[in-house]
Protein chains: 2
Amino acid sequence: MKTRIMPKRRVATLRLDHFIPYKLSVLAAKVSLRLAREYEQAVGLQLPEARVMAVLGSFSPVSSNAVVQHTSMDKATVSRAISRLLHLGLMTRVPDPRDRRLLILSFTPRGRRCYARLTRIARKWESWFVARLSAAEHARLKRSLTKLTERLEANGPYAAPKLRTKRAP
Amino acid sequence: MKTRIMPKRRVATLRLDHFIPYKLSVLAAKVSLRLAREYEQAVGLQLPEARVMAVLGSFSPVSSNAVVQHTSMDKATVSRAISRLLHLGLMTRVPDPRDRRLLILSFTPRGRRCYARLTRIARKWESWFVARLSAAEHARLKRSLTKLTERLEANGPYAAPKLRTKRAP
DNA sequence: TGACAATCGTTTCATCTGGAACGACCATCG
DNA sequence: CGATGGTCGTTCCAGATGAAACGATTGTCA
């Protein structure tokens with residue numbers, strides 16, 4: 001009897017802990033959580049609000065829409081964040097006289113102070129966070145993240161390789 | 001009159017696009033969205049469900065709780081994902097006779113087939129995604145992500161440097 | 001000018017999420 | 001045993017999210 005060695009059917013597996021999309025997602029979730037807590041207890045702001053502050057800090061008088069562009073957050077989320085910030089008296093909003101659809105945001109003095117604290121906290125936390133990476137690693141990481149982000153933004157023509165179109169149950 | 005050169009007050013800014021936590025979060029969000037769409041239209045599963053499948057694929061008979069450990073997803077999310085997967089007939093669940101608190105999950109044949117498709121899709125997408133990175137970059141990226149994740153898991157004694165405790169509103 | 005499309009920002013709605021409470025079960029210890 | 005405390009998994013609840021609908025305004029083109 002000829003025992004044929006069966007070409008051991010290699011069972012395809014997917015180890016989540018080696019799967020970059022998964023690693024990214026878990027890490028990002030943890031980071032956001034931590035940072036959100038920092039912000040919350042230091043200045044009483046949530047992440048979306050802090051992000052809006054950050055944009056305002058860099059590009060001072062901006063419209064809501066510009067914030068959306070800069071943050072790649074959702075329109076609705078930005079709108080809600082802004083209304084909270086207004087309510088807190090951290091920024092003001094006036095319609096642009098030249099295009100009255102636009103609402104122009106600026107810091108109040110209190111907002112500027114809050115922003116200053118925010119940046120200190122953010123920077124400090126980040127440097128703690130990446131302290132285990134060498135400068136080179138840090139730089140390479142940033143570059144890789146940028147590359148990958150661009151990969152997605154060029155909303156790449158990744159066409160799902162059409163395997164027979166059986167939409168499994 | 002002695003004109004003293006003012007030590008130009010350096011305005012602290014925080015450029016979001018150089019801020020690693022932010023870059024991570026944006027990238028991860030985009031990745032998850034894309035991948036979720038892939039899964040959705042290929043096998044009709046959402047991300048949490050796909051993750052549960054992935055764990056099951058690697059460590060076959062497992063309890064819900066083990067899934068939680070492996071995925072670092074929320075308990076409730078896992079519970080809901082599992083109930084959908086059960087409903088879809090992709091896995092079965094029986095109580096562990098030795099500890100009847102535990103519910104042991106296994107693939108049905110259909111589940112196994114679905115898992116196979118899932119892994120193919122996931123792998124293919126990932127390799128498209130990272131195609132612009134050299135092998136070295138890829139490896140370094142993975143290592144950095146791991147390092148950073150560990151940094152957070154060792155739930156590091158990052159004590160917020162207590163600046164004067166004025167909780168700005 | 002006067003329709004018609006496009007853009008800005010808000011709001012509504014369905015969904016997803018994580019914390020907390022819960023019931024069921026197990027382990028420890030008096 | 002019985003009581004107490006811990007773990008597993010589900011469910012409830014409040015909050016956040018993004019898609020879509022919307023009013024207001026502007027741009028375009030006949």
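A, B, ... follow the sequence lines: proteins, then strands. Residue 1 opens every chain. Below, all heavy atoms of this structure are taken into account, side chains as well, without hydrogens, waters or symmetry copies.
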Q.
Tell me the closest heavy-atom pair linking A/G89 and A/R110, and the distance in Å.
A.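 For A/G89 and A/R110, the tightest heavy-atom pair comes out as O-CD, 3.9 Å.
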Q.
Strictly below 4.0 Å: does B/T77 bring a side-chain N or O up to OP1 or OP2 of C/dC16?
A.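 Indeed not, no polar side-chain atom of B/T77 lies that close.
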Starting at atom [atom1] of [X], determine the distance to atom [atom2] of [N], rounded to an integer number of angstrom.
{"X": "A/Q46", "N": "D/dA14", "atom1": "CD", "atom2": "P", "result": "17 Å"}
{"X": "A/R84", "N": "D/dT17", "atom1": "CZ", "atom2": "C1'", "result": "11 Å"}
{"X": "A/L33", "N": "C/dT17", "atom1": "CG", "atom2": "P", "result": "15 Å"}
{"X": "A/R37", "N": "C/dG18", "atom1": "CZ", "atom2": "P", "result": "12 Å"}
{"X": "A/R98", "N": "C/dC8", "atom1": "CZ", "atom2": "P", "result": "16 Å"}
{"X": "B/M73", "N": "C/dG19", "atom1": "CE", "atom2": "P", "result": "15 Å"}
{"X": "A/E49", "N": "D/dT17", "atom1": "CD", "atom2": "P", "result": "10 Å"}
{"X": "A/R100", "N": "D/dT26", "atom1": "CZ", "atom2": "P", "result": "5 Å"}

Q) What pairs of residues pass the ring pair (Phe, Tyr, Trp, His ring centres under 6.0 Å) test when at least one of them lies in residues 31-60 of chain A, not counting sequence neighbours? A)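 For residues 31-60 of chain A: A/F59-A/H70.
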Q: Scan for side-chain hydrogen bond (donor to acceptor under 3.5 Å, both in side chains) pairs involving residues 21-32 of chain A, sequence neighbours excluded, and state none if there are none.
A: A/K23-B/T146, A/S25-B/R51
Q.
Considering only residues two or more places apart or on different chains, which pairs with a residue in residues 87-109 of chain A satisfy side-chain hydrogen bond (donor to acceptor under 3.5 Å, both in side chains)?
A.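 Counting only pairs at least two positions apart or across chains, the side-chain hydrogen bond (donor to acceptor under 3.5 Å, both in side chains) contacts touching residues 87-109 of chain A are A/D99-A/R101.
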Q. How does each nucleotide of nucleotides 4-10 of chain D score, in 5' to 3' order, for protein heavy atoms under 4.0 Å: base (B), sugar-phosphate only (S), or none (-)?
A. --BBSBB
Please table the atom pairs, donor to acceptor, closer than 3.5 Å between any side-chain atom in residues 74-83 of chain B and protein atoms at least two apart or in another chain.
| from | atom 1 | to | atom 2 | distance (Å) |
| --- | --- | --- | --- | --- |
| B/D74 | OD2 | B/A76 | N | 2.8 |
| B/S83 | OG | B/R80 | O | 3.0 |

Q) Does anything in residues 57-66 of chain A pair up under salt bridge (charged side-chain N to carboxylate O under 4.0 Å, His left out), and if so which pairs, sequence neighbours excluded? A)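 Sorted pair list comes back empty.
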